[in-house]
Amino acid sequence: MEVVEIRILIEGKTYEAAGAAEAEKLLKQRGAFAIMAGGQPRDLSFISQARADGEVEGLTFGSKEGRDIYRHSTAHILAHAVRELFPDARFAIGPAIEDGFYYDFDVPAPFTPEDLDAIEKRMLEIIKRDSPFVRREMKRGEALEMFGRMGETYKTELLESMQDDTVSIYEEGGFTDLCRGPHVPSAGAIKAVKLLSVAGAYWRGDEKRKMLQRIYGTAFSSASELKKHLERLEEIKKRDHRKLGRELDLFSMNEEVGPGLILWHPNGAIIRKTIEDFWREEHLKAGYKLLYSPHMARLDLWKTSGHWDFYRENMYSPMKVEEVEYEIKPMNCPFHIAVYKSGLKSYRELPVRYAELGTVYRFERSGVLHGLMRVRGFTQDDAHIFAREDQIGEEIKNILDFTLFILNTFGFEDYDIYLSTRPEKYVGTEESWELATGALKAALEHKGLKYEVDPGEGVFYGPKIDIKVKDSLGRAWQCSTIQVDFNNPERFDVTYRGEDGRQQRPIMIHRALMGSLERFFGILIEHYAGAFPLWLTPVQVEVLTIAERHIDFARQVADNLRREGIRVEENFDNEKIGYKIRQSAVRKVPYSVIIGDKEVEERGTALSIRKRNGQSFGPFTLSALIDLLKEEIKTRR
RNA sequence: GCCCAUGUAGCUCAGUCGGCAGAGCACAUCCUUGGUAAGGAUGAGGUCACCGGUUCGAUCCCGGUCAUGGGCUCCA
C-alpha cells in the first residue's frame, strides 16, 4: 500500500506527514482538534480520507472556526450532563456564540443556580471520562424515527424543516445528539469550562412558542485563558454605566418618574452640556442650521409621515386636545420637513441641512429597558439633509467625514461599518436606489473604510450606512446611522424649484452621529470607565488643603482657576490629606492641587498637580498651570 | 410582553426556622491640624418596594402589583 504524503497547515505553518495516522498525531500534537478540508470543516478523523494532493488545515482554538467547534462540542457535553442529571429534559439547540455557547432545554422546572453547579461538575466528570465523539450518518427518515422514539420533539421538528436527505448524528459516551458537526475527537479535548447563567429563551426565538431554559457557558483551551476571560467579565461589570452612574452621581432613574426615563444629575448634565456645545459648534461649522421642534404634534402629521401605519407599536397612545388627537413624537423628521416647507426652496439653496438635538419618546416593552442604553425617552442628535440627486455623493462623503471626526473626538478609533441595501419591499425607483447605494459605497471606499454589505437590510425607504464604535474593551455599540430616504419627500410633497423652473423632488438624508445622547453617554461611561478626559469630566480640578491655615490661599487658587472657566471644587474638609486624595481618586477627578505651608509661602509660584493615576507634575506657576489645563481642555485629549 | 432571580438606611449588603431591625461606607457633631489613596469618638438615619391574605402577631409564609437584573424578541 502506498503511503500518502499529506501537507498540513497549522496556524500559518506547513508540515508534511506520511500517512493519515502520522498526520493525525501531528495535528493533535499541535493543538488541532478538527480540520478544514476542501473548504469544509471536518472531524479530525476525516484525515483518513485525505488525498496526497490535498492540503488540510488543522483547526485550533486560535481560529474562529476552531473556537466555535470547540465550544460547540462543549455545548454537547453540557447536554450530556443535563441528560444524566435530568432524564426528563428534552433538547433543543446548542450552538457556539461569541465568547461561548448555550444549549436550550425543555425541562419540567427551571434550573436553579445549584443545578448549574451540579451540571458543571458533571460536565467535568464527562470530560474526564474522555469518550470519543463518533459521527454517524443516516437517512433523514431514519433519524426522524429514532428521535421520535426518544420523544425528542424539538429534534424531530428540526429534522422536518431540513432539506438534506442524509443527516448526521454524534454519539459521545452513550449520549446521542443530532448535529452537523464537526466535533473535537473526544470529550477530554475540552480543557476549561464554566457555566455562566440560566435564562428563558423562546423555542426558535418565537414568543408565541414555548419558553425553554437556556444555559450559557464558555470554554477555553486552558484554565489561564478561562481565568482571563472571567476577569474581563469582572472588568465589564466594574465599568457598568449603571453602577458608575450611581457612584459618580451622573444620572438616575426613579420608580415614581417611570421606567426608561432618565434624570440627569448635575455631574451628568455638565457632561451632556459639554457634548451638546461641542456638537452645535461643529454643526454650525459644517454648514448645518440648528432647529428646535415641539414634543408633540397632531396625529395627522404622523399619518402623513407613515409612522402611524408602520411604527405604531413603538408610539404612545394619542391624547385628545380640544377634540383633536395629538401624539408625543417618536421621530423628529416631520418637523424638519415642515420647516423646509415653510418657504419655497430654490435649487441654489440646496443642500439644506437641518440639525436638532431632538427629544423623542418611544414605547419599549418593559423587559428590554436597560440603563441608559435602552430607554423610553431620549434625545437624538438628529439631522435631515435635503439635497438634489447630483449632490448626494458629495453630501454622503461630508457626513461620513463629519461622523468619524465626532466619534474620534470621543476616543473611538475602531468601527464596524455596515451598508444595507434594497430590501424586497421598497419605495422609490430602482435607479434611485442604485444611485443612492452607489453613493454610500463610493463614500466608504473614498475614505478607504472597511465595511460589510447587509444585503436587503435597508429600510423600505432607502439604503443606509450603520456605524458601530468599538469601545476600549473592544465591544461594538451601534451609534451612527446615515439613511437615504425617497419616501418622505414624496409623502409630504417636498419640492424645490429646479434650474429649469419646474418643481423638483429633493432626496432626504437622515443621520444621527451619536445616535441618542443617553445611550452615547452610557457608552462613554463604560469606554472611559468613568475616568472622563479633562474636557468632559464634571470636576476638572480639586483644590485640597493640608491644614486649616491654608484655606484662605487655597480659596484664592480655586477662584483663579474658576475665573478661567475651569471646573474647580474645593475640599477644605477637616481631614488628613491622604483621605482627601483618596476622595478625589474615588470621584475620578483628573487633577488635584494640594495647598500646604510650602505653597502658601511661595505664593503660587510653585504649584504641583497630582493626576488621578497618582503621578505628580510640576512645579508650575499659577498661570502656567492654567495654560496647561486650558490647552488640554482645548485639544479634548 | 414572556421565563427566572432580586427588592431591608443615601450606597454595598447581613439578618429574623413568624415575636422591639443590623454592619461597613456616606452624612452630622466633637477631638485631632495631620504633606500625596481610608486618624479617632459620638450621633442621626428604616412604613424591611407597594397592596391584600393567613396568623394572637408578618420584614419573614401565601397571592397580586410595581420596579430592577440576566435572557428571549426588538432597537438609538
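For A/K576, the side-chain atoms get nearest to B/G34 when compared with the rest of B/G1, B/G34, B/C11. Closest to the A/R365 side chain, of the nucleotides B/A67, B/U73, B/U36, is B/U73. Closest to the side chain of A/R246, from the set B/C72, B/G70, B/U12, is B/U12. Picking from B/C3, B/C72, B/C75 the nucleotide with the shortest atom distance to the side chain of A/Q213 gives B/C3.
A/Q583 contributes no side-chain N or O that forms a donor-acceptor pair with the base of B/A26 under 3.5 Å. Between the side chain of A/R374 and the base of B/C74, at least one donor-acceptor pair of N or O atoms lies under 3.5 Å.
As rounded to whole Å, 14 Å separates atom P of B/A38 from atom CG of A/L544.
A/D115 pairs by the side chain to side chain donor-acceptor pair (under 3.5 Å) definition with A/T112, not counting sequence neighbours. Applying the side-chain contact (heavy atoms from CB on, under 4.5 Å) rule to A/Y579 yields the partners A/E575, A/Q583; only residues at least two apart in sequence or on another chain are considered. With sequence neighbours excluded, the residues that form a side-chain contact (heavy atoms from CB on, under 4.5 Å) with A/I546 are A/H550, A/I577, A/I594.
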Under the rule of Watson-Crick or G-U wobble with both distances under 3.5 Å, where | means paired to another strand and [ ] a crossing pair, RNA chain B maps to (((((((..((((.....[..)))).(((((.......))))).....(((((..]....))))))))))))....
Got a list of side-chain donor-acceptor pairs under 3.5 Å for residues 512-525 of chain A, not counting sequence neighbours?
unit_1: A/S516; atom_1: OG; unit_2: A/E518; atom_2: N; d: 3.3
unit_1: A/S516; atom_1: OG; unit_2: A/R519; atom_2: N; d: 3.0
unit_1: A/E518; atom_1: OE1; unit_2: A/T379; atom_2: N; d: 2.9
unit_1: A/R519; atom_1: NE; unit_2: A/M373; atom_2: O; d: 3.3
unit_1: A/R519; atom_1: NH1; unit_2: A/Q478; atom_2: O; d: 3.2
unit_1: A/R519; atom_1: NH2; unit_2: A/M373; atom_2: O; d: 3.4

Identify all side-chain donor-acceptor contacts of residues 242-251 of chain A below 3.5 Å with residues at least two apart in sequence or on another chain.
unit_1: A/R242; atom_1: NE; unit_2: A/D240; atom_2: OD1; d: 2.9
unit_1: A/R242; atom_1: NE; unit_2: A/D240; atom_2: OD2; d: 3.3
unit_1: A/R242; atom_1: NH2; unit_2: A/D240; atom_2: OD2; d: 2.4
unit_1: A/K243; atom_1: NZ; unit_2: A/E247; atom_2: OE2; d: 3.1
unit_1: A/D249; atom_1: OD1; unit_2: A/H265; atom_2: ND1; d: 2.6

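As judged by a 4.0 angstrom heavy-atom cut-off over every strand, A/Q615 is placed among residues making no nucleic acid contact.
For B/C25, neither phosphate oxygen OP1 nor OP2 lies less than 4.0 angstrom from any side-chain nitrogen or oxygen of A/Y579.
Each of A/T481 and A/H550 lies near RNA chain B, and the nucleotide nearest A/H550 is the one positioned closer to the 5' end. Remark on RNA chain B: of its neighbouring residues A/E247 and A/G258, the 5'-side contact belongs to A/E247, judged by nearest-heavy-atom nucleotide.
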A/Y591 vs A/F617, test: ring pair (Phe, Tyr, Trp, His ring centres under 6.0 Å). Steps then yes/no.
CA-CA 10 Å; A/Y591 292 114; A/F617 294 92; 7.7 Å; no
